[in-house]
Structure formats: structure tokens, C-alpha cells
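Every number for a ligand or one of its atoms is a count from 1 in the order of the listing. Owing to the predicted nature of the structure, the values given are computational and were not obtained by experimental measurement. Residue indices begin at 1 and follow the sequence shown.
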Amino acid sequence: MKKLYTLILLLLVSITGLCQENSDINLFQNTEEREKISLNGLWDIIVDPLENGYYSHRLEPKPDGYFLNKKMKKPSDLVEYNFDTSDQLIVPGDWNTQKDKLYYYEGTIWYKKDFEYIKDEQENLFLYFGAVNYKAIVYLNGELVGTHEGGYTPFQFNITDKVKDGNNFVVVKVDNRRERENVPTVNQDWWNYGGITRSVYLVKTPKTFINDYSVQLSTSNKNEISGWVRVKNSSENDKVILEIPELSKKVEIKINNGLGKFNFKAKPQLWSPTNPKLYNISMTTTSETLTDEIGFRTISTDGSDIILNGMKIFLKGISIHEEAPFKTGRVTTLEESKTLLGWAKELGCNFIRLAHYPHNEQMVREAEKMGLMVWSEIPVYWTVAFENKNTYKNAENQLSEMIARDKNRAGVILWSVANETPEGEDRLQFLDNLIKRARSLDPTRLITAALDTQAEGNDGKHIEDALGNLVDVIGINNYCGWYYATPESCAEVKWSSKFDKPMIMSEVGAGALYGLHGASDERWTEEYQANVYENNIEMMKNIDFLAGVSPWILMDFRSSRRPLKRIQEDFNRKGLISEQGMRKKAFYTLQKYYMNENKD
Ligand code: GCU
């Protein structure tokens with residue numbers, strides 16, 4: 001039955017070529033523009049390595065856990081915890097870089113926040129989280145409102161019927177323990193930053209409200225704008241007025257069963273790296289107006305070329321982790337995102353690979369404003385439990401939430417479903433299902449994955465991984481001159497592919513400690529790193545199906561796989577810039593390639 005449903009859905013999608021309006025992901029579109037109360041700031045916390053606040057000594061969930069936020073009422077009362085006198089952490093933020101004693105901590109921390117609220121019968125209230133790493137159990141006034149798994153995508157709960165007039169308190173059990181069946185699984189080459197890492201809002205909406213929408217250039221006709229809008233609690237004859245003033249467009253959309261579809265003729269300037277044009281749009285109902293900034297562009301492939309707005313384009317990119325410059329830890333501010341993106345622009349980039357998980361929405365929106373095309377990825381990283389049904393459901397959910405959040409971002413051109421996964425039947429089926437899901441939710445973007453399965457032949461490297469059949473663009477991670485071979489030998493390496501599809505060199509690079517200088521064959525020196533870049537750039541010039549590159553990586557980032565004292569100090573040193581903003585030699589090697597190569 002599910003197969004038949006998917007088939008019908010795929011058929012429908014291919015006919016309409018629109019992002020699908022019936023994603024079962026219950027997530028607002030464009031939370032930032034909605035009326036909201038921020039719960040960011042200091043939260044009271046209790047560190048609970050034994051989950052004593054959740055489980056009894058019989059390891060059963062206990063009814064009177066820390067989520068009750070109990071208080072002593074009389075001196076004889078026994079309450080062995082008290083949020084109000086406990087420690088505090090800043091939200092948004094990871095706990096590892098806020099407190100030395102939590103630097104290595106993986107486990108449960110309870111967060112509590114009080115807020116005042118005046119009930120209004122005319123409005124709904126939602127509790128929204130930008131992201132919580134990794135598992136979140138959320139309570140309001142001691143009552144469970146919901147759970148979420150996955151550290152990098154947003155989620156929300158309708159608390160309209162649970163919120164009280166006056167004082168309320170939210171308690172969140174956050175657990176970032178790594179488990180084999182999780183996504184990502186137990187080993188990853190980035191720090192497992194725990195906590196409520198992105199903003200928390202109380203979002204107010206009118207009783208009838210615009211929940212979700214998709215506004216894009218129709219894939220079948222670039223002189224047409226098409227899409228849909230979903231209205232919750234709508235009634236007969238409800239309408240939404242869509243306006244794009246700069247295009248003198250004012251369109252009335254009839255809402256049927258909560259859904260309204262539209263398409264109309266229009267000739268917008270197309271979004272591109274050289275002209276990142278965004279249009280102010282507004283959607284108005286009788287009870288609210290929602291605004292957004294939308295770009296219009298087409299993206300496709302033609303053989304081994306990537307085609308933007310009908311023209312071949314070369315992706316001059318860089319990979320980026322969501323590590324904050326200078327302070328390190330998770331990026332939490334727009335300024336930090338702008339700093340990272342500014343460095344990518346300085347490099348001469350028109351493309352960024354956001355690795356290995358969806359980054360915060362601010363980063364994606366700012367990249368779009370700065371004319372940077374985006375590769376966005378879910379953390380199906382290395383050897384997840386491909387045979388495990390729950391692991392698949394979890395991965396599919398993270399994929400759906402990623403697409404739901406960023407489907408209106410013209411800057412996002414690629415959805416990546418995996419990084420460096422081992423060949424095998426379970427893996428192929430797992431990724432095939434994810435790709436089908438991605439295409440059913442969004443047939444307008446390219447699907448990719450980063451592979452490290454290229455075969456070594458006498459005639460060089462050969463791409464033949466069966467996953468190549470399923471994706472639109474093939475990402476290749478290859479560390480010639482670092483994990484194998486000498487830097488000099490890389491320039492001669494030849495590449496071939498079984499697939500007539502674009503290849504992106506999604507990872508290439510080498511480690512270097514900023515300020516360490518020496519011979520070009522001396523590991524960890526800036527000269528060695530630059531030498532690797534020079535020779536790999538020569539290699540890439542000879543790959544005629546290469547459509548882009550995103551070297552590993554813009555900035556050094558924390559990883560518990562990197563303990564080498566006096567060099568790594570818990571940082572992966574493959575950055576072209578140190579975490580303190582110091583540019584290494586190879587930064588200029590890549591910049592020269594991008595500036596002088598004049599590839600688009
Ligand atoms: C891998 C992986 C990255 C990792 C990098 C490295 O290819 O995808 O997450 O950080 O190699 O080893 O530095």
C-alpha cells in the first residue's frame with residue numbers, strides 16, 4: 001500500500017513539479033517572521049548523568065521526575081533537587097564550551113525556564129525549538145508536551161490548551177549520548193556539542209493561521225511562479241492574498257480544506273551568485289500578514305554540467321562546520337554566521353557545503369543573501385545502522401524537517417542524504433528510500449551524497465559506486481597527499497566515472513597548524529597544506545566531468561578524534577583559517593584558483 005501511495009505521489013509530483021504540500025512534518029514556515037516571545041537567555045539546569053530525574057531505581061520512568069520542578073512546601077518535605085538554586089546555562093548554546101566541567105560531558109542535562117503568559121482566546125501558542133542535540137523530552141508545567149530526536153532540525157508543539165494564565169515553566173530533558181542506532185551514530189569527526197543549541201520561542205498565531213507555504217519558479221515554465229499555501233483551522237471561502245509588490249503581483253488564493261494552490265505569469269530577475277535577488281512577498285488573511293524574502297531560479301543538470309538558470313555554472317565552494325569563529329562551540333549568532341560566510345566570499349566562493357547536518361536557518365538565509373549556493377546535508381554519516389528500521393525513520397524525519405524548513409530558499413540547490421557510507425545492499429536500499437522521499441517532498445532541487453568509495457585502478461581513480469545511479473550529482477571525498485600518496489603525485493592522478501553526471505569534489509585538503517612553517521613535505525606545516533592544495537588543484541583541472549569543489553574545510557573545528565597535543569589540541573586542523581581567524585597559506589592558494597580560474 002505504502003509503495004502504491006509513494007508511486008501516486010511521485011507521479012503527482014512529476015506532473016506539478018512543485019514542493020509537496022502534504023508533507024506530514026508539522027513545522028511552521030518562516031518562524032522568524034512570526035509574532036513570538038523569545039525564551040533565549042539563562043536557563044536553570046541540573047546535570048543528571050544517571051538520569052535520576054527520569055528513571056526510578058527500577059529503571060522505570062518515574063511519575064515525579066525533575067520535570068515536575070517540585071519545591072519544598074514545608075521544612076519536612078524531601079525534595080532532592082531545586083532548579084532555582086541550581087547552575088545555569090545560556091540558550092541558545094552548547095554546554096561543552098560554556099563550562100569546563102561539561103567539556104567532555106555526554107548525557108542528560110535538565111533545562112528549566114519560567115515565563116509569564118496572558119491567555120488570549122483569539123490566539124494559538126506554540127513552543128518552538130530551532131534545535132536540541134540530541135534527544136529532547138519537553139514538559140510544560142510538569143506535563144509532557146512531546147519529544148524530538150535529531151540534533152540539527154527544528155520542532156514545535158502546540159501548547160495552546162496547556163499554557164496557563166500567569167506563571168508557566170518549561171522543562172526540557174536534553175540527552176546527547178551517542179547510540180549505535182542514532183543518526184549520526186557513535187563516531188563522528190566533530191565535537192558532540194550538547195544542549196539547546198538554537199533559539200527557543202513562544203510563537204503566537206491567530207486561531208486561523210498560515211502554517212506553511214511554497215513559493216517558487218515553476219520547474220516547467222520559468223515565466224511562471226507557482227506554489228501553495230496551507231492554512232490551519234480554515235473555513236469555507238477563506239482566502240490568502242499573495243503580494244509581490246516589485247513584480248506588481250497581487251494574487252487571491254482560494255483555500256479549500258486548508259490548502260490553496262497558485263501559479264501565475266511573472267518575469268522575476270533570477271537569483272544567482274552574481275545577482276542574489278530576493279523579492280519581498282507577503283501573504284495576508286483576515287487575521288494576519290506574513291512576509292518573507294524569496295528568490296527565483298532554476299537548477300538542473302545536463303550530462304556532467306550543473307545548470308543554473310539555464311546556464312552551466314562551476315561551483316567554487318568550501319565546506320563549513322557550524323563551529324563558531326573565535327569563541328568556538330556551536331554558532332549561535334547572526335554575526336558568527338556572517339563572519340564564516342564573509343571568509344567564504346573572500347576566498348572567491350559562489351558555493352558552500354554545510355557539513356554534515358542542517359545548519360541554523362540564519363546561516364542558510366544569510367548565504368542566500370550573499371549569493372552563495374548551498375549544499376545542505378543530513379548526518380547519515382559513515383556507518384549508521386542501515387538495517388535498522390528506526391534508524392531509517394529517524395533519518396527520514398531529519399530529511400523531511402530539513403526540506404520543510406528550507407524549501408523556499410533559492411540559495412539551497414542540493415540536498416545531500418549521506419556522507420562516506422560503505423557500499424552494501426542495506427545502505428543502498430536505505431539511501432534509495434531517502435532519495436525517493438526527498439524527491440517526493442521537493443522535485444525542484446538536485447539530490448547528492450558524498451562518497452569515498454572511488455576505486456583505485458592502474459589508470460587512476462574510477463567512480464562506480466551504485467549510489468551514483470540514484471543521485472543527480474556525485475560528491476567525492478578524496479584526500480590525495482594527506483591520507484594517502486605524496487602531494488606531488490596528486491597532480492598526475494586521472495579520474496573516470498561510470499556515470500554521465502556532474503561530480504563535485506566535496507572534500508579534499510590537508511591539516512596544518514597556523515603559524516607552523518617548514519618544508520613542503522613536513523606534515524602540519526602551512527607549506528605542506530599549500531602543497532597538497534596546489535597539486536590537487538592541478539589534478540582537478542584534468543577532470544572533465546568536475547562541476548564543482550568544496551575543500552575540507554573553511555575553519556579548524558573541534559573534534560574528539562583529534563587529540564594530538566601541541567598540534568590538534570582537539571581540533572581538526574584542515575581549516576584554511578584557524579578558529580582564531582588566522583589565514584593559512586593554502587587559503588591564498590585556493591583563493592588564487594577561484595579568482596584566476598574565471599570559471600563562471
Ligand atoms: C572525512 C569526513 C569529515 C572529516 C574529514 C577528515 O572525509 O567526511 O567529516 O572531518 O574526512 O578526516 O578530516
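A salt bridge links Arg562 to Asp189: at least one charged side-chain nitrogen sits closer than 4.0 Å to a carboxylate oxygen.
If you number the atoms of ligand 1 from 1 as listed, the ones under 4.0 Å from a heavy atom of Phe557 come out as 10 (O). Atoms of ligand 1 found under 4.0 Å from any heavy atom of Glu420 (numbered from 1 in listed order, with element): 1 (C), 2 (C), 7 (O), 8 (O). Shown in contact with Tyr479 at under 4.0 Å from a heavy atom are these atoms of ligand 1, numbered in order with element: 5 (C), 7 (O), 11 (O). Taking a cut-off of under 4.0 Å to the non-hydrogen atoms of Asn477, the atoms of ligand 1 that pass are 7 (O), 8 (O). Numbered from 1 in the order shown, with element, the atoms of ligand 1 that lie under 4.0 Å from a heavy atom of Asn572 read 6 (C), 10 (O), 13 (O). Interface of Arg562 with ligand 1, defined as ligand atoms under 4.0 Å from a residue heavy atom, comprises 6 (C), 12 (O), 13 (O).
You'll find the side chain of Asp459 stays beyond 4.5 Å of the side chain of Lys494, heavy atoms only. Using a 4.5 Å cut-off on side-chain heavy atoms (C-beta onward), Ile90 and Gln98 make contact.
By the 30° and 60° cut-offs, the orientation of the rings of Trp482 relative to Tyr528 is perpendicular. The aromatic rings of Trp95 and Tyr105 are tilted relative to each other, their planes meeting at an angle between 30° and 60°. Aromatic ring orientation, Phe386 versus Phe430: perpendicular (interplanar angle above 60°, classes split at 30° and 60°). Ring geometry for Phe557 versus Trp552: interplanar angle over 60°, hence perpendicular rather than tilted (30 to 60°).
Glu507 OE1, 3.4 Å is the protein heavy atom nearest to atom 2 (C) of ligand 1. Protein heavy atom closest to atom 13 (O) of ligand 1, with residue, atom name and distance, is Lys574 NZ, 2.7 Å. The nearest protein atom to atom 4 (C) of ligand 1, hydrogens excluded, is given as Asp189 OD2, 3.2 Å; this is a heavy-atom distance.
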Subject >> Chi angles and distances behind the side-chain hydrogen bond (donor to acceptor under 3.5 Å, both in side chains) call for Asn478, Tyr484 >> reply: CA-CA 9 Å; Asn478 191 70; Tyr484 74 95; 3.0 Å; yes

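Looking at Tyr381 against ligand 1, only its side chain comes within 4.0 Å, counting heavy atoms. At a 4.0 Å heavy-atom cut-off, ligand 1 touches Asn419 through the side chain alone. For His356, every heavy-atom contact with ligand 1 shorter than 4.0 Å involves the side chain, none the backbone.
Within the 4.0 Å heavy-atom shell around ligand 1 one finds Tyr483.
Between Trp382 and ligand 1, not a single N/O pair is under 3.5 Å apart.
A cation-pi arrangement is present between Lys574 and Tyr479 under the rule of less than 6.0 angstrom and at most 45 degrees off the ring axis.
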